[in-house]
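Excluded from the calculations below are hydrogen atoms, water molecules and symmetry mates; all remaining heavy atoms, backbone and side chain alike, are included. First listed ligand is number 1; within each ligand, the first listed atom is number 1.
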Amino acid sequence: MAINNELTFDVVIIGAGPAGLTCSIYASRGNLKVAFIDKGAPGGKMTATYEIENWSGEENIKGYELSTKMLNHALKLGAKHIYGNVIRIENISEFEHYVYLENNQKIKAKAIVIASGMDNKKPPIPNIDFYNNKGVSYCVICDAPFYKNKPAAIIGGGDSAFEESIYLSSIASKVYIFIRKSYPKAEPKMVEDVQKIDNIEIFYNSEIVELFGKEQLEKVKYIENGEEKFKEINHLYPYIGFLPINYFAKDLPIFDANGFIETNENMETKVKGIYAIGDVRQKSIRQIVTAASDGAIAGKILTNKIKK
Ligand code: NDP
């Protein structure tokens with residue numbers, strides 16, 4: 001497959017969340033020729049987050065607004081946005097790599113930065129797939145407006161579940177949060193905020209086990225403290241954690257046992273010239289600000305390595 005100059009870059013970044021876009025900004029400011037590839041709307045999980053309250057300098061900003069600001073910043077500095085699905089990456093030597101897209105494009109890069117993030121985990125409810133787009137969704141901000149004033153449920157006890165329940169409570173008639181443990185995992189401030197909202201009710205030691213409804217979700221069966229119960233629910237949002245998106249790099253020896261990418265503090269993987277940043281990287285704190293920090297580090301290191 002021939003490669004034209006338009007598809008040859010110093011740095012190709014796979015993913016356009018806060019990690020990928022910040023890396024684009026730093027590497028572009030370092031005078032490198034940069035492309036970032038994404039198969040969805042740039043911004044990553046920020047685009048599906050209603051409000052963000054812990055991005056330094058912004059007490060409160062909508063997820064889509066911060067995504068747009070980061071995207072425009074990267075584009076303004078000259079980074080190229082390539083829309084596509086990466087299916088494979090190939091490593092020839094430290095400064096020669098190839099990225100293959102589903103649409104048959106082949107892109108050459110001196111370095112590749114993997115910033116592909118994570119996908120939603122699915123709960124083990126046997127008939128959950130039948131209700132996809134019929135009441136079950138993994139994005140409150142995208143789908144809750146279709147179910148205005150109807151009872152809703154969220155599964156999970158982490159930051160995502162609590163944060164999304166706040167926005168959901170402004171749309172749904174009632175929000176039930178199902179937590180399988182006897183306590184929440186979310187940060188205390190978020191839990192306090194949720195407890196103040198009248199139409200949110202938290203069920204601890206509770207797991208949804210079956211869904212009912214002919215065409216649309218109507219009811220769920222759940223087990224609370226060992227007892228079988230039912231609740232009328234029309235829209236359901238599992239927020240039970242995420243899995244790393246890594247399918248295009250499976251052949252490379254860069255992953256830990258859970259599929260996250262191991263790096264050193266310079267974001268370098270075991271394969272020279274391939275970097276990993278953001279949520280796909282093995283790390284303990286996954287926040288927008290830590291993803292952006294990874295991106296800044298990789299951008300700076302790459303600027304020094306690929307001198308013009
Ligand atoms: P987490 O992994 O932190 O939490 C997952 C939750 O889902 C836990 O309560 C877990 O329960 C529960 N769970 C997992 N599997 C199941 C299952 N099969 N059935 C029922 N419940 C289940 O995921 P989050 O998405 O909440 O957060 C991911 C990361 O993103 C975290 O680091 C978080 O801090 C960060 N984040 C930060 C935000 C912010 O600061 N604004 C917003 C959103 C996310 P158990 O404890 O029993 O395993």
If you count the non-hydrogen atoms of other residues, nucleotides and ligands that lie under 6.0 Å from NZ in Lys62, is the total more than 12? yes
I need the atoms of ligand 1 closer than 4.0 Å to a non-hydrogen atom of Ile155, numbered in the order shown. 20 (C)
Considering only protein heavy atoms, which is closest to atom 39 (C) of ligand 1, and at what distance to one decimal place? Asn54 ND2, 3.4 Å
Looking only at protein heavy atoms, which one is nearest to atom 2 (O) of ligand 1, and how far off is it? Lys185 NZ, 3.2 Å
Give the residue, atom name and distance (to 0.1 Å) of the protein heavy atom nearest atom 26 (O) of ligand 1. Ser160 N, 3.0 Å
Give me the atom names and distance for the closest heavy-atom approach of Ile202 to Phe162. CD1-CE2, 3.9 Å
What pair of heavy atoms forms the shortest contact from Gly63 to Ser67, and how long is it? O-OG, 2.8 Å
Determine, stepwise, if the pair Glu51 / Tyr167 fulfils side chain to side chain donor-acceptor pair (under 3.5 Å). CA-CA 8 Å; Glu51 275 177 344; Tyr167 176 60; over 6 Å; no
Closest non-hydrogen atoms of Ile141 and Thr49, given as atom of the first, atom of the second and distance, are CD1-O, 4.0 Å
Assign the ring pair Tyr237 / His235 to parallel, tilted or perpendicular, where the plane angle (0 to 90°) is split at 30° and 60°. perpendicular
Checking the N or O distance criterion of under 3.5 Å, is ligand 1 in contact with Lys121? no
For Asp119, which residues count as a side chain to side chain contact (heavy atoms under 4.5 Å, CB included) partner, sequence neighbours excluded? Ile245
Numbered in order shown, the ligand 1 atoms found under 4.0 Å of a heavy atom of Gly156 are 7 (O)
Looking only at protein heavy atoms, identify the closest one to atom 7 (O) of ligand 1 and say how far it is in Å. Ile240 CA, 3.2 Å
Residue Pro124 vicinity, atoms of ligand 1 by number, heavy atom under 4.0 Å: 18 (N)
Numbering as shown, the atoms of ligand 1 that approach Lys181 to under 4.0 Å (heavy-atom distance): 45 (P), 46 (O), 47 (O), 48 (O)
Glu207 to ligand 1: N or O pair under 3.5 Å? no
May I ask you to check whether Ser284 has an N/O atom sitting below 3.5 Å from an N/O atom of ligand 1? no
Ignoring angles and geometry beyond distance, decide whether Asp159 reaches within less than 3.5 Å of ligand 1 through its nitrogen or oxygen atoms. yes
Under 6.0 Å from the six-membered ring centre of Phe146 and within 45° of its axis: does the NZ or CZ of Lys148 meet both? no
Atom 48 (O) of ligand 1 has as its nearest protein heavy atom Arg180 NH2, 3.0 Å
Shortest non-hydrogen separation from Val34 to Ala27 and the atoms involved: CG2-CB, 3.6 Å
Please give me the minimum heavy-atom distance between Ile240 and Lys122, naming the atom from each residue. CD1-C, 3.8 Å
Can you check whether Pro123 has an N/O within less than 3.5 Å of an N/O in ligand 1? no
Closest to atom 23 (O) of ligand 1 (judged by heavy-atom distance), picking from Gly241, Gly158, Ala186: Gly241
ring-ring contact (aromatic ring centres under 6.0 Å, His included) pairs, two or more places apart, involving residues 168-207: Tyr176-Phe203, Phe178-Phe203, Phe178-Tyr222, Phe203-Tyr222
Where is the nearest protein heavy atom to atom 31 (C) of ligand 1: which residue, which atom, and how far? Arg286 O, 4.3 Å
Residue and atom name of the nearest protein heavy atom (relative to atom 37 (C) of ligand 1), distance in Å to one decimal: Gln287 NE2, 3.0 Å
List the atom of Ile155, the atom of Pro123, and the distance in Å for their closest heavy-atom pair. CD1-CG, 4.1 Å
Protein heavy-atom partner closest to atom 9 (O) of ligand 1 - residue, atom, separation in Å: Gly157 N, 2.9 Å
Ligand 1-proximal atoms of Phe178, by part, heavy-atom distance under 4.0 Å: neither
